[in-house]
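Proteins get letters first, then strands, A, B, ... in listed order; numbering begins at 1 in each. None of the values given here were measured: they were computed from a predicted structure.
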Protein chains: 2
Amino acid sequence: MADERDFLAGYDPRDYDPVAVTVDVVALTIRDGALHVLLVRRAHPPFAGMWALPGGFVRGVRDAEDLPDAAVRELAEETGLEAGDGPLERMHLEQLGTYGRPGRDPRMRVISVAYLAFAPELPEPKAGGDADDAAWTPVTALGLGASGEQRPGTTRKLAFDHARVLADGLERARAKLEYTPLATAFCPPEFTIPELRAVYEAVWGEELHAGNFHRKVLSVPGFVEGTGTTSDRIGRRGGPRPKLYRAGDARLLHPALLRPGREEEIR
Amino acid sequence: MADERDFLAGYDPRDYDPVAVTVDVVALTIRDGALHVLLVRRAHPPFAGMWALPGGFVRGVRDAEDLPDAAVRELAEETGLEAGDGPLERMHLEQLGTYGRPGRDPRMRVISVAYLAFAPELPEPKAGGDADDAAWTPVTALGLGASGEQRPGTTRKLAFDHARVLADGLERARAKLEYTPLATAFCPPEFTIPELRAVYEAVWGEELHAGNFHRKVLSVPGFVEGTGTTSDRIGRRGGPRPKLYRAGDARLLHPALLRPGREEEIR
DNA sequence: TGAGAAATACTCAACTTGAGAAGAACTTAA
DNA sequence: TTAAGTTCTTCTCAAGTTGAGTATTTCTCA
């Protein structure tokens with residue numbers, strides 16, 4: 001044990017290569033039936049004026065924080081919401097992946113741990129920190145290709161490798177909706193089956209058969225549970241008032257709710 | 001642009017909290033019909049004498065390397081294989097997750113990026129670097145609980161949070177076998193359907209219905225393709241000689257090959 | 001008040017799965 | 001040499017799931 005103490009004492013972390021660690025957050029929500037991602041506009045170089053995922057340096061030693069805590073902190077700072085608020089509490093947060101290609105940040109070697117968040121509708125963000133603007137942005141406006149590049153002519157150019165990170169986050173979100181009940185994380189505490197279908201349609205970008213979707217959601221054990229109440233008719237275009245449901249206790253959908261027509265993507 | 005250059009010049013990475021970045025590898029293979037993981041025994045504190053996943057510091061600035069390259073390098077160093085060798089070439093490697101809880105390493109703040117590797121049978125490893133032993137270890141010998149802890153009485157205690165990392169890697173491997181053809185990454189270039197079934201049984205820890213498995217593998221497009229040849233009868237207990245197959249060109253299995261009897265895990 | 005829209009419930013054919021059985025090809029032990 | 005046991009491979013059948021379409025009812029809007 002004295003051995004171990006000697007060893008620790010002779011250990012200077014700064015002998016190692018200086019590597020910085022950041023967290024970036026792909027925060028997704030549904031607004032007006034379309035999938036949106038939270039972006040901030042960079043006020044300073046590098047990539048000044050370009051848009052980026054909210055994020056920042058992890059507090060490493062002083063006030064050392066765990067990675068998910070850093071992600072929530074950065075998200076709270078950018079949205080102006082308190083960590084402990086209702087919407088941020090109900091939010092789903094999971095690690096997406098870590099991006100560390102040398103040269104991805106021109107200043108220094110930066111390893112970025114990306115998190116993926118699903119949130120019910122959140123208020124407009126307020127710019128803060130290094131950002132001079134912040135906004136929910138429809139993902140369709142970013143011209144993202146499947147391999148993580150932006151099509152020429154897109155107005156909102158993403159900084160660093162954030163187009164790649166966002167593309168990975170979107171694909172993860174699409175896949176998670178297949179086999180988990182996380183679509184409910186985009187909804188308020190009580191929601192209707194058509195609202196849930198709208199989440200699937202926004203994330204997957206395709207229309208679903210209403211009758212089959214309804215049958216499927218009710219037949220998967222633990223996906224949703226009825227509240228016995230009915231939604232009021234605000235903002236609807238016709239038809240009977242749909243019933244209200246809450247998220248059930250399932251953590252996995254069994255059988256899964258598969259995306260239609262993916263035969264082309266398989267090879 | 002002058003603006004940007006000034007900014008970079010005034011930027012000292014060492015102003016930031018010193019955080020070290022490592023890679024750790026969960027390398028899985030099948031030996032004697034059982035799932036094994038590559039472990040090394042630590043020669044020095046902390047956790048001297050305990051077993052750990054192979055890994056080490058990422059080369060950050062001098063000879064800066066990308067994270068997957070660091071994972072392959074560490075794996076090659078620990079196994080004594082060259083990073084261009086046949087088995088290491090055919091190996092599947094994917095990022096598993098990043099572990100950065102403060103205090104997980106008593107020396108300093110360490111963020112560890114874990115990788116998951118699937119390999120066909122590899123030679124016995126040779127200890128090197130900080131390790132005084134290295135061995136393929138049956139995962140059943142580690143007494144892993146589902147929540148990433150080791151049951152009391154397990155002889156090979158894992159250092160750091162490596163029990164958690166390994167548990168996550170095993171769950172990822174089990175899930176990947178359901179919807180990707182990656183079971184073939186555990187097999188030699190040519191294999192039989194019963195050999196492929198043995199991979200599934202070793203990773204999932206349950207016996208599968210031979211007839212249904214056979215039908216399923218052949219019916220999923222692009223999973224395997226026949227070679228027209230037949231295996232020789234070495235080391236078999238009876239029965240006809242099975243046909244040989246190669247991995248097909250599918251990247252996803254559609255429909256997926258689901259694990260039986262997971263109804264309990266859903267809630 | 002009538003047209004249109006949407007929620008929900010149904011039907012039916014096609015497909016997939018799980019369980020079992022059968023036949024053929026091979027090994028091993030008597 | 002033979003009998004018994006093992007395993008690969010192919011079938012069969014019942015039960016469950018899916019995709020597409022239809023029907024009924026309740027609502028909004030003009």
Side-chain angles (χ1 to χ4, degrees), chain A residues 33 177-179 187 190-201 204 206-221 223-245 252-263 266, chain B residues 33 177-179 187 190-201 204 206-221 223-245 252-263 266:
Chain A
L177 259 53
E178 291 195 308
Y179 59 93
C187 295
E190 298 198 344
F191 54 87
T192 68
I193 307 252
E195 280 167 3
L196 190 63
R197 176 160 49 84
V199 171
Y200 275 89
E201 290 176 335
W204 286 351
E206 14 188 4
E207 298 210 333
L208 299 177
H209 184 295
N212 290 344
F213 183 85
H214 201 276
R215 172 183 64 185
K216 178 70 183 176
V217 168
L218 294 184
S219 74
V220 173
F223 194 175
V224 299
E225 55 186 33
T227 64
T229 55
T230 296
S231 89
D232 37 13
R233 59 197 146 293
I234 42 169
R236 302 199 38 261
R237 290 206 295 161
R241 288 178 243 173
K243 295 183 199 149
L244 283 169
Y245 295 84
L252 292 173
L253 301 185
H254 188 76
L257 208 167
L258 297 176
R259 277 176 272 183
R262 292 214 304 147
E263 272 70 14
I266 288 171
Chain B
L177 259 52
E178 291 195 307
Y179 60 95
C187 294
E190 297 198 345
F191 53 87
T192 67
I193 306 252
E195 279 167 3
L196 190 62
R197 177 160 49 86
V199 171
Y200 275 88
E201 290 176 336
W204 286 352
E206 7 186 13
E207 298 211 333
L208 300 177
H209 183 295
N212 291 343
F213 182 85
H214 202 276
R215 173 183 62 186
K216 177 73 183 173
V217 168
L218 293 185
S219 74
V220 173
F223 194 176
V224 299
E225 56 186 32
T227 64
T229 56
T230 297
S231 88
D232 38 11
R233 60 199 148 294
I234 42 171
R236 304 200 34 260
R237 292 207 296 161
R241 290 178 239 172
K243 295 182 198 150
L244 282 169
Y245 296 84
L252 293 172
L253 301 184
H254 187 76
L257 208 167
L258 298 176
R259 279 176 270 184
R262 291 215 302 148
E263 271 70 14
I266 287 170

Shortest non-hydrogen contact between A:Leu177 and A:Tyr200, atoms and distance: O-OH, 2.9 Å
Length of the line joining B:Leu218:CG and D:dT9:C1', which is rounded to integer Å: 9 Å
Does any N or O in the side chain of A:Lys216 come within less than 3.5 Å of the main-chain N or O of A:Ala256, such that one atom is a donor and the other an acceptor? yes
Stepwise side chain to side chain contact (heavy atoms under 4.5 Å, CB included) test for B:Leu257 and B:Phe213: CA-CA 9 Å; B:Leu257 208 167; B:Phe213 182 85; 4.1 Å; yes
For B:Arg215, report the nucleic acid contact type (base, sugar-phosphate, nothing); a contact means any heavy atom under 4.0 Å. base
Would you kindly give the CZ-to-P distance between B:Arg237 and D:dG5, to the nearest whole Å? 13 Å
Within the supplied structure, the quantity of interest is the number of heavy atoms (other residues, nucleotides, ligands) at a distance under 6.0 Å from A:Glu225 CD; does it exceed 12? yes
5' to 3' on DNA chain C, which nucleotides open and close the contacts with chain B (atom under 4.0 Å from a heavy atom)? C:dT17 to C:dT27
Nearest whole angstrom, please: distance from the P of D:dC8 to the CG of B:Asn212. 14 Å
For D:dA20, does OP1 or OP2 lie under 4.0 Å from any side-chain N or O of A:His209? no
Atom CG of A:Asp232 and atom C1' of D:dC27 are separated, to the nearest Å, by 13 Å
Return the OH to CZ distance between A:Tyr245 and A:Phe191, rounded to the nearest 0.5 Å. 9.5 Å
Please report the C-alpha distance between A:Glu178 and A:Arg259 in whole Å, then the side-chain angles of each, then the deciding distance to 0.1 Å, and finally whether the side chain to side chain contact (heavy atoms under 4.5 Å, CB included) criterion is met. CA-CA 7 Å; A:Glu178 291 195 308; A:Arg259 277 176 272 183; 3.4 Å; yes
Between D:dT26 atom C1' and A:His214 atom NE2, what is the distance in whole Å? 14 Å
Please determine whether side chain to side chain contact (heavy atoms under 4.5 Å, CB included) holds for the pair B:Thr192 and B:Thr230, giving the CA-CA distance in whole Å, both sets of side-chain angles, and the decisive distance to 0.1 Å. CA-CA 9 Å; B:Thr192 67; B:Thr230 297; over 6 Å; no
Minimum-distance nucleotide to B:Arg236 side chain [options: D:dT7, D:dT18, D:dT26]: D:dT7
Can you tell me which nucleotide in D:dT7, D:dT17, D:dT10 comes closest to the side chain of A:Lys216? D:dT17
Looking at residues 223-230 of chain B, who's got a heavy atom less than 4.0 Å off DNA chain D? none
Given atom CG of B:Leu258 and atom P of D:dG16, what is their separation to the nearest angstrom? 17 Å
Within 6.0 Å of CD in A:Glu190, more than 12 heavy atoms from elsewhere: yes
Heavy-atom closest contact (A:Glu201 atom, A:Glu206 atom, distance): CG-O, 3.2 Å
Closer to the 5' end of DNA chain C via nearest nucleotide, is it B:Gly239 or B:Leu257? B:Leu257
By nearest nucleotide on DNA chain D, pick out whichever of A:Ala256 and B:Ala210 is the more 5' one. B:Ala210
Could you state the CZ-C1' distance from A:Phe213 to D:dT17, rounded to the nearest angstrom? 16 Å
